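Report on the following structure.
Hydrogens, waters and symmetry mates are skipped; everything else that's a heavy atom, side chains included, is used. Everything quoted here is computed from the prediction, not taken from an experiment.
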Amino acid sequence: MREDVESLDIRDVTANWVNAEVLARQIDDRIKALADLSHTPLFFGRLDYLHAVGADLAEGARGERFYIGRRHVHDANGDPMVIDWRAPVSQPFYRASRKTPMDVALRRRFGYTGGDLTAYEDEHLSDPAEAEAEATSKLLQQEIERPRVGPMRDIVATIQPEQDEIVRSGLGGTVCVQGGPGTGKTAVGLHRVAYLLYAHRDRLARTGTLVIGPNASFLHYIEQVLPALGELDVRQATVDDLVAHVEVRGTDDAAAAVVKGDARMAEVLRRAVRAHVTLPTEPVVVVRGSRRWRVPAHELESIVRELLDRDIRYGAAREALPQRIAHTVLVQMERSGEAPDDRVQDAVARNTAVKAAVKAIWPPVDPARLVLRLLSDAEYLAGHAEGILTDDEQRTILRTRPGRSPKTAAWSAADAVLIDEATDLVQRTHSLGHVVLDEAQDLSPMQYRAVGRRCTTGSATVLGDLAQGTTPWATRSWEEALRHLGKREAVVEELTAGFRVPTDVIAYASRLLPHIAPGLTPVASVRENPGFFEVREAAGPSGTTAPGTGGPADVVAACEELLRNEGSVGLIAADARVPLLAGALEAAGLSHLAPGEETTLATRLTLVPASLAKGLEYDYVVLDEPQAVVDGEPDERTGLRRLYVALTRAVSGLIVTHAAPLPAQLSEAAAVR
């Protein structure tokens with residue numbers, strides 16, 4: 001298929017050089033989409049139907065078999081050899097069971113090793129003799145438990161029925177997926193994008209799609225999933241990327257960030273923007289030739305009040321004002337017997353007197369300058385925040401050194417979100433067709449609003465886990481989050497089957513749930529392998545920088561032990577202990593990577609600050625000093641949530657090392673209470 005595209009001769013098929021460039025680019029994109037992927041087989045399953053599939057799916061399918069794969073493959077005659085996993089005819093591969101066979105006689109799963117076909121497994125779904133019980137697929141278990149080396153991979157061969165239902169949900173509705181560690185919510189979100197691009201390609205090609213992740217390391221980790229499925233045009237970004245109107249060079253303390261991230265700030269900004277409008281007190285006199293046309297102040301005021309009452313964007317109203325004034329002049333012209341047309345109205349709207357009036361009544365607004373004044377002028381902030389923010393909250397967000405201009409101000413990430421809000425009040429933000437928001441539980445209300453502006457006319461897939469909220473402003477409920485996002489009608493789905501974290505590990509981590517998210521259902525691991533799990537108390541604090549914390553030698557020994565196994569190893573530690581452990585690893589001759597760097601067969605160990613662990617996964621994890629992870633956060637609840645995240649990054653095994661006492665919430669008695 002790729003060679004067919006490469007052999008196309010387009011020299012004489014385009015009308016001009018512009019069309020030739022467009023067609024050449026489309027051909028290049030098609031060639032990239034058909035690239036070979038090492039160790040990624042084109043098909044992973046087969047379906048044998050009992051009867052003919054509907055004519056809209058596969059004409060004359062009686063007795064035929066369908067090979068299911070990551071993308072559509074046809075032979076030299078154009079006949080299908082592999083059916084795209086997103087096609088309707090492929091759906092029974094994920095949904096069919098012995099209780100509900102969906103007219104499937106046989107489902108075959110193929111097993112691969114290094115890209116070579118090494119096994120297959122058959123399920124006779126319509127055979128009465130095998131309908132007694134659902135057997136667990138060995139190949140499915142092997143694929144789920146396969147070691148993780150390198151970036152995140154697709155899950156098209158292992159999508160479960162409850163996941164498939166979310167993946168194939170329609171484009172028109174927003175879906176919120178609450179899922180604990182290892183339930184596959186991120187993969188579900190990415191595969192939903194791939195499915196929507198398959199089912200609604202023309203529409204989404206016009207409107208665009210976007211995947212939003214918590215940080216650059218996470219985006220690097222997932223960046224190969226969609227290209228592996230043949231989708232190359234999905235943009236990936238963080239929330240900070242979306243609101244990058246200014247350079248972020250400063251930081252906020254937690255108290256200031258919470259207030260700046262509060263949804264009430266939207267109303268403060270709205271008041272400040274609208275306060276730029278001044279009701280007119282003088283008439284406008286337009287001179288055209290020998291005639292003078294006068295628009296009284298009271299008519300101008302009526303026009304201005306009407307625009308304010310419509311509550312449209314500040315910039316759009318400012319553009320409409322001169323046309324409204326010009327229309328009033330044209331009405332006067334018509335009453336005097338003239339017959340002006342649209343060209344006359346445009347000329348009047350550009351008249352010097354009209355432009356001067358518009359500038360005085362509805363002046364332009366610089367969003368960054370507006371936010372800077374709000375955060376640096378106590379009197380100005382008080383005037384617009386009265387009845388919204390308390391005096392203490394106003395003092396909390398005021399800058400001591402504001403900077404003389406938006407270019408020199410030390411903007412924080414929360415400030416950039418405020419500027420984005422103000423920018424949208426002036427000029428509407430472009431809306432995309434679909435947005436995937438991952439790790440959504442950590443967003444502030446103002447960040448939700450920033451994301452929601454990017455999909456006002458589209459839909460969204462919201463992914464997260466309330467138990468993993470580790471910011472001071474973490475959302476308390478999905479209902480609240482969806483309200484700020486502007487998607488109140490969204491359907492909330494919960495994934496509770498764990499495919500990544502071993503049984504013993506998730507059971508230990510779930511002891512924290514009653515203390516961090518009492519209303520959530522604990523994840524139930526479906527893995528047959530219970531995994532390796534051990535809690536080791538260090539011999540003593542020798543070589544440490546703080547009393548009561550474990551020595552690097554114990555951590556290094558645990559890493560060396562796990563590196564004897566196949567797969568990746570992550571060493572997760574409180575941020576403050578990372579330099580100490582990095583030195584210990586180097587002294588022991590253990591090379592290691594930073595989060596986001598791709599593991600190789602030579603370097604499989606990654607040193608991960610606890611603050612960056614969210615969303616990542618490793619075959620084996622060494623967790624250093626759980627209490628230090630908790631203590632590294634501003635409050636205990638946030639610290640326990642950070643610990644919950646760190647405990648649930650392992651796929652095959654976890655070693656917890658500690659010299660200081662473990663958090664009391666990890667005891668069995670605390671979990672029961």
Side-chain angles (χ1 to χ4, degrees), residues 37 40-74 79-112 117-127 130-131 133-146 153-170 183-184 187-199 225-226 228-231 495 497 499 526:
L37 299 173
T40 304
L42 283 174
F43 64 93
F44 51 80
R46 193 185 96 189
L47 291 177
D48 292 359
Y49 278 91
L50 287 173
H51 304 96
V53 180
D56 60 328
L57 303 179
E59 186 72 33
R62 185 183 301 274
E64 290 188 59
R65 58 185 51 152
F66 296 88
Y67 286 85
I68 312 301
R70 286 167 174 78
R71 60 186 73 179
H72 171 83
V73 182
H74 61 250
D79 295 326
M81 299 178 67
V82 178
I83 305 297
D84 194 301
W85 66 276
R86 298 166 288 187
V89 76
S90 303
Q91 185 173 352
F93 184 80
Y94 304 106
R95 303 273 188 97
S97 65
R98 288 185 173 87
K99 294 181 180 179
T100 310
M102 300 177 69
D103 203 44
V104 173
L106 179 141
R107 172 170 56 200
R108 172 170 290 180
R109 301 181 189 273
F110 295 99
Y112 292 86
L117 178 62
T118 55
Y120 68 88
E121 180 181 78
D122 288 345
E123 297 174 84
H124 298 276
L125 301 182
S126 299
D127 187 345
E130 298 188 18
E134 297 285 346
T136 302
S137 168
K138 299 299 182 183
L139 288 182
L140 191 63
Q141 283 290 334
Q142 291 174 10
E143 176 64 21
I144 290 174
E145 298 177 10
R146 186 156 57 99
R153 56 179 182 258
D154 66 72
I155 61 166
V156 290
T158 62
I159 294 175
Q160 298 301 292
E162 63 274 16
Q163 296 174 326
D164 187 67
E165 187 173 346
I166 298 171
V167 167
R168 296 177 191 266
S169 55
T183 55
V188 166
L190 294 175
H191 286 68
R192 187 180 182 213
V193 171
Y195 172 77
L196 293 176
L197 286 168
Y198 174 88
V225 174
L226 289 170
L229 302 175
E231 302 299 344
L495 296 176
F499 304 97
V526 299

Checklist entry - Just by modelled atom types, is the Ile155 backbone N or O under 3.5 Å from a matching donor or acceptor in the His191 side chain? => result yes
Item to check | Closest contact, heavy atoms only, Leu196 versus Gly170 | outcome: CD2-C, 4.2 Å
Next on the checklist: Please determine whether side-chain contact (heavy atoms from CB on, under 4.5 Å) holds for the pair Leu42 and Arg71, giving the CA-CA distance in whole Å, both sets of side-chain angles, and the decisive distance to 0.1 Å.
Outcome noted: CA-CA 7 Å; Leu42 283 174; Arg71 60 186 73 179; 4.1 Å; yes
Checklist entry - From Leu125 CG over to Leu47 CG, what is the distance, rounded to the nearest 0.5 angstrom? => result 8.5 Å
Checklist entry - For residues Thr40 and Arg70, is any side-chain donor paired with an opposing acceptor at under 3.5 Å? => result no
Next on the checklist: Any non-hydrogen side-chain atom of Leu50 less than 4.5 Å from a side-chain atom of Val104?
Outcome noted: no
Next on the checklist: Can a donor-acceptor pair be found, under 3.5 Å and without considering hydrogens, that links the side chain of Thr100 to the backbone of Ser97?
Outcome noted: no
Checklist outcome for this item: In terms of heavy-atom contacts, Val188 and Val167 come closest through O-CG2, 3.8 Å
Item to check | Residue pair Asp79 / His74, side-chain donor-acceptor N/O under 3.5 Å | outcome: no
Next on the checklist: Under 4.0 Å between a side-chain nitrogen and a carboxylate oxygen: does that hold for Arg109 and Glu123?
Outcome noted: yes
Item to check | Spatial distance of atom OG1 (Thr158) from atom OH (Tyr94) [nearest 0.5 Å] | outcome: 8.5 Å
Checklist entry - If you look at every heavy atom in Pro101 and Ala96, which pair is closest and at what distance? => result O-CB, 3.5 Å
Checklist outcome for this item: Paired with Phe43, the ring-ring contact (aromatic ring centres under 6.0 Å, His included) test is passed by just one of Tyr67, Phe93, Phe66, namely Tyr67
Checklist outcome for this item: On a heavy-atom basis, the closest approach of Ile83 and Pro80 is CD1-CB, 3.9 Å
Checklist entry - Hey, are the side chains of Leu495 and Ile166 touching, using non-hydrogen atoms and a 4.5 Å cut-off? => result yes
Next on the checklist: I'd like to know if the side chain of Ser90 reaches the main chain of Asp84, judged simply by a donor and an acceptor atom lying under 3.5 Å from each other, with no hydrogens or angles considered.
Outcome noted: yes
Next on the checklist: Once rounded to the nearest 0.5 Å, what's the spacing between atom CH2 of Trp85 and atom CD1 of Ile159?
Outcome noted: 4.5 Å
Item to check | Main-chain N/O of Glu162 paired with Glu165 side-chain donor or acceptor, under 3.5 Å | outcome: no
Next on the checklist: Rounded at 0.5 Å granularity, tell me how far CG in Asp122 sits from CG in Asp48.
Outcome noted: 8.5 Å
Checklist entry - With the threshold set at 4.0 Å, does a side-chain nitrogen-carboxylate oxygen contact exist between Arg86 and Glu231? => result yes
Next on the checklist: Regarding Arg95 and Asp164, does a basic nitrogen lie under 4.0 Å from an acidic carboxylate oxygen?
Outcome noted: yes
Item to check | Flag, side chain of Thr183 to backbone of Ala497, donor-acceptor distance under 3.5 Å | outcome: no
Item to check | Approximate separation, where rounding is to 0.5 Å, of Phe110 CZ and Glu121 CD | outcome: 11.5 Å
Checklist entry - Do any N or O atoms from the side chain of Tyr49 and from the backbone of Met102 form a donor-acceptor pair under 3.5 angstrom? => result no
Checklist entry - Could you state the interatomic distance from CD1 (Ile68) to CZ (Arg108), rounded to the nearest 0.5 Å? => result 13.5 Å
Item to check | Smallest separation among heavy atoms of Arg168 and Ala87, with atom names | outcome: NH1-O, 3.7 Å
